[in-house]
A.B. asks: 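Input: one structure, supplied below.
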Amino acid sequence: MFNAADWPELDKVPPTDNDPLIQEWMKELDGHDIPDITPTQDGSCAGDPAAAAQAEERGWWTCGGWTSGNDIVACPDKMTWGVSFDDGPAPYTPKLLKYLEDKDLNATFFVVGSRVVSYPDILIAEYMAGHEIAVHTWSHHPLTALTNEQIVAELGYTRRAIQAVLGVTPTTMRAPFGDIDNRVRAISNAMGLQPIIWTTGPGGPFDTNDWHVPAGTVTGEQQFEIFEGLLGNATIMDTGFIVLEHDLFEITVDLAVGYTLDAALTHNPPFKLESIGTCMGMPPTDLYQETTTNKSQSGQHSSSAAADGTDSDSNAAGRVFASSAFAGVAAAAVALAGLL
């Protein structure tokens, strides 16, 4: 059983004082060069003009799209879409899974730890259907605004939750809002988690803006027009691309299965839709720390339920957490709109 007392509060940055798990995970940073970069005010350019002025020095993606050589930012092959969905698992994810099954497609799911312990059965369904599972933090807070200890807690508790449900630990992550800098990168890589960001191409980031629809800042029709523009830009690129979409809200899933995915499949010429690991040519074993042959991703850690005595009965987990699973999620889209 997932006992709520054994986990941080849902949708809140985990407290870092006197937590033996976080203290253990902090040891994974030993021997790694973690840049001494001051946390941003709130992860946004407008909220921290001083940090924004140092964006290139910081390697801050949010302000200027700065990346590093280890970031995965695009599929290498032209006309290939690395399909991914953020912020689940959620009650609407099964509808998306059915569509992907019907179309014989695989995707990468960047899952939030608070959702994992709330809907473990849906995470199992994603994994058993052959989709890739990656880390998307515990509370979906901008990572550049957190201390090193808080970043480790966000990644560590999500990693632990996934491992408790599936028995495997991802080797990839995506920062909420794409909010990553050289400090966050170094911590993620030290924990065996390679960052993945969506592509920046002609016209800007490949963000479908589906999250704007539940936030009420664009209509579904406007969102689809934005997406069609992304597809047009993708045809003139020499590489493939990775797009930001979400499975947290019913409307974002409906937009994906009713419009965006079909538009890519029926495009002339059609796009090839693959999970990100597949489009990058990564061996399936390298997607998880228990089986990877990539030494930089195989660090030892204490994420397993067995290591700390937690029972990982997924059905019980759903009963314990489901009642509060969306306690803060209704405001998530509004927060997204305010930060990006």
A.B. asks: Report the residues that fulfil side chain to side chain contact (heavy atoms under 4.5 Å, CB included) with Cys63, sequence neighbours left out, ordered by chain and then residue number.
C.D. replies: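 Listed in chain order: Cys45, Ala52, Ala55, Trp60.
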A.B. asks: State, with a plain yes or no, whether a side-chain heavy atom of Pro176 is found less than 4.5 Å away from one of His141.
C.D. replies: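 Not touching, per the 4.5 Å side-chain cut-off.
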A.B. asks: How far apart are the closest heavy atoms of Gly178 and Thr62, and which atoms are they?
C.D. replies: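 So the two residues come closest at O-OG1, 3.9 Å.
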A.B. asks: Taking it one step at a time, do Asp19 and Tyr157 satisfy side-chain hydrogen bond (donor to acceptor under 3.5 Å, both in side chains)?
C.D. replies: CA-CA 11 Å; Asp19 187 323; Tyr157 269 111; 2.6 Å; yes
A.B. asks: Quick one: list whatever passes side-chain hydrogen bond (donor to acceptor under 3.5 Å, both in side chains) with Asp102, sequence neighbours left out.
C.D. replies: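 By the side-chain hydrogen bond (donor to acceptor under 3.5 Å, both in side chains) rule, Asp102 matches Lys98.
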A.B. asks: Checking the side chain of Asp181 only, and the main-chain atoms of Val184 only, is there a donor and an acceptor separated by less than 3.5 Å?
C.D. replies: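 Yes, Asp181 side chain to Val184 backbone: donor-acceptor pair under 3.5 Å.
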A.B. asks: Which pair of heavy atoms, one from Arg160 and one from Asp6, lies closest together, and at what distance?
C.D. replies: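 The answer is NH1-O, 3.6 Å.
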A.B. asks: Does Asp104 CG have over 12 foreign heavy atoms under 6.0 Å away?
C.D. replies: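 Counting neighbours around CG of Asp104, 12 or fewer heavy atoms of other residues, nucleotides or ligands fall under 6.0 Å, so no.
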A.B. asks: Within the 4.5 Å heavy-atom criterion, are Asp17 and Ile22 side-chain neighbours or not?
C.D. replies: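 No; the side chains remain at least 4.5 Å from each other.
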A.B. asks: Minimum heavy-atom separation for Ser118 to Leu10, with atom names?
C.D. replies: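 Heavy atoms of Ser118 and Leu10 come nearest at OG-CD1, 3.8 Å.
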A.B. asks: Check salt bridge (Lys or Arg N to Asp or Glu O under 4.0 Å) between Asp86 and all other residues, then give those that pass, not counting sequence neighbours.
C.D. replies: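 If we apply the salt bridge (Lys or Arg N to Asp or Glu O under 4.0 Å) test to Asp86, skipping adjacent residues, the hits are Arg174.
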A.B. asks: Can you find a heavy atom in the side chain of Glu245 that is under 4.5 Å from one in the side chain of Val243?
C.D. replies: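 Yes, side chains in contact.
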A.B. asks: Check whether the ring centres of Phe227 and Phe206 lie less than 6.0 Å apart, and answer yes or no.
C.D. replies: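 No, the ring of Phe227 stays outside the 6.0 Å limit from the ring of Phe206, centre to centre.
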A.B. asks: Identify the two heavy atoms, one from Ala90 and one from Tyr119, that lie closest to each other, and give their separation to 0.1 Å.
C.D. replies: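 So the two residues come closest at CA-CD1, 4.4 Å.
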A.B. asks: Evaluate ring pair (Phe, Tyr, Trp, His ring centres under 6.0 Å) for Phe85 paired with Tyr92, printing each intermediate quantity in order.
C.D. replies: CA-CA 12 Å; Phe85 294 91; Tyr92 316 107; over 10 Å; no
A.B. asks: Between Gln194 and Thr171, do the side chains contain an N or O donor and an N or O acceptor separated by less than 3.5 Å?
C.D. replies: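 Side chains of Gln194 and Thr171: no pair found under 3.5 Å.
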A.B. asks: Would you mind reporting whether Asn148 and Asp36 have side-chain heavy atoms less than 4.5 Å apart?
C.D. replies: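 Answer no - side chains too far apart.
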A.B. asks: Before giving the answer on side-chain hydrogen bond (donor to acceptor under 3.5 Å, both in side chains), spell out for Asp11 and His140 the whole-Å C-alpha distance, their side-chain angles and the decisive distance to 0.1 Å.
C.D. replies: CA-CA 7 Å; Asp11 304 307; His140 205 274; over 6 Å; no
A.B. asks: Going by side chain to side chain contact (heavy atoms under 4.5 Å, CB included), name the residues that satisfy it together with Asp48, two or more places apart in sequence or in a different chain.
C.D. replies: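 Only Thr40, Gln41, Ala50, Ala51 meet the side chain to side chain contact (heavy atoms under 4.5 Å, CB included) criterion with Asp48.
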A.B. asks: Is Glu57 salt-bridged to Arg183, cutoff N-O under 4.0 Å?
C.D. replies: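 So Glu57 does not pair with Arg183 through a salt bridge.
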A.B. asks: Which residues pass the side-chain hydrogen bond (donor to acceptor under 3.5 Å, both in side chains) test with Ser68, not counting sequence neighbours?
C.D. replies: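 Testing Ser68 for side-chain hydrogen bond (donor to acceptor under 3.5 Å, both in side chains), a comparison that skips the adjacent residues, returns Asp71.
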A.B. asks: Can I get a per-line list of side-chain donor-acceptor pairs under 3.5 Å for residues 265-272, giving both atom names and the distance, sequence neighbours left out?
C.D. replies:
unit_1: Thr266; atom_1: OG1; unit_2: Asp262; atom_2: O; d: 2.7
unit_1: His267; atom_1: ND1; unit_2: Pro269; atom_2: O; d: 2.7
unit_1: Lys272; atom_1: NZ; unit_2: Glu274; atom_2: OE2; d: 3.3

A.B. asks: Of all the heavy-atom pairs spanning Pro89 and Glu126, show the shortest one and how long it is.
C.D. replies: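 Distance-wise, the nearest heavy atoms are CB-OE2, 3.8 Å.
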A.B. asks: Could you tell me which residues satisfy ring pair (Phe, Tyr, Trp, His ring centres under 6.0 Å) with His131, sequence neighbours excluded, listed by chain and number?
C.D. replies: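 Residues passing ring pair (Phe, Tyr, Trp, His ring centres under 6.0 Å) with His131: Phe109.
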A.B. asks: Under the criterion side-chain hydrogen bond (donor to acceptor under 3.5 Å, both in side chains), I'd like the reasoning laid out for Thr252 against His246: C-alpha separation, chi angles, the key distance, then a yes or no.
C.D. replies: CA-CA 6 Å; Thr252 59; His246 300 82; over 6 Å; no
A.B. asks: Would one find more than 12 heavy atoms of other residues, nucleotides or ligands at under 6.0 Å from atom OH of Tyr99?
C.D. replies: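 Atom OH in Tyr99 is crowded, with more than 12 foreign heavy atoms closer than 6.0 Å.
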A.B. asks: State, yes or no, whether a side-chain contact exists between Val165 and Val116 at a heavy-atom distance under 4.5 Å.
C.D. replies: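 Side-chain contact under 4.5 Å: yes.
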A.B. asks: Could you list the residues that satisfy side-chain hydrogen bond (donor to acceptor under 3.5 Å, both in side chains) with Thr108, not counting sequence neighbours?
C.D. replies: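 Residues passing side-chain hydrogen bond (donor to acceptor under 3.5 Å, both in side chains) with Thr108: Glu132.
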A.B. asks: If I compare all heavy atoms of Val168 with all of Pro170, which pair ends up nearest, and what's the gap?
C.D. replies: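 Where Val168 meets Pro170 most closely, the heavy atoms are O-CD, 4.0 Å.
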A.B. asks: Would the distance check show the side chain of Thr199 and the main-chain N or O of Gly201 forming a donor-acceptor pair, the cut-off being under 3.5 Å?
C.D. replies: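 Not confirmed, Thr199 side chain does not pair with Gly201 backbone.
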A.B. asks: Is there a side-chain contact between Pro195 and Ile72 in this structure, where contact means two heavy atoms from C-beta onward sitting under 4.5 Å apart?
C.D. replies: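 Counting from C-beta outward, Pro195 and Ile72 never come under 4.5 Å.
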A.B. asks: Working to the nearest 0.5 angstrom, can you tell me the gap between Ile34 CD1 and Arg185 CZ?
C.D. replies: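 Going from the CD1 atom of Ile34 to the CZ atom of Arg185 covers 13.0 Å.
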A.B. asks: How would you list, by chain and number, every residue that makes a ring pair (Phe, Tyr, Trp, His ring centres under 6.0 Å) with Phe110, sequence neighbours excluded?
C.D. replies: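 Phe110 satisfies ring pair (Phe, Tyr, Trp, His ring centres under 6.0 Å) with no other residue.
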A.B. asks: Considering residues at least two apart in sequence or located in another chain, which fulfil the side chain to side chain contact (heavy atoms under 4.5 Å, CB included) criterion with Gln150?
C.D. replies: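 Side chain to side chain contact (heavy atoms under 4.5 Å, CB included) check on Gln150 returns Val13, Thr16, Leu146, Thr147.
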A.B. asks: Would you call Asp247-Lys95 a salt bridge at under 4.0 Å N-O?
C.D. replies: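 Salt bridge flag = no for Lys95 with Asp247.
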A.B. asks: Which residues pass the side chain to side chain contact (heavy atoms under 4.5 Å, CB included) test with Ile251, sequence neighbours left out?
C.D. replies: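 Here the qualifying residues are Val213, Pro214, Phe249, Leu255.
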A.B. asks: Once side-chain hydrogen bond (donor to acceptor under 3.5 Å, both in side chains) is applied, do any residues pair with Trp81, and if so which ones, sequence neighbours excluded?
C.D. replies: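 Residues passing side-chain hydrogen bond (donor to acceptor under 3.5 Å, both in side chains) with Trp81: none at all.
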A.B. asks: In Å and rounded to the nearest 0.5 Å, what is the OG1 to CD1 distance from Thr144 to Ile180?
C.D. replies: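 It comes to 10.0 Å.
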A.B. asks: Check the pair Asp286 / Thr292 against side-chain hydrogen bond (donor to acceptor under 3.5 Å, both in side chains), numbers first and verdict last.
C.D. replies: CA-CA 4 Å; Asp286 282 0; Thr292 184; 3.1 Å; yes
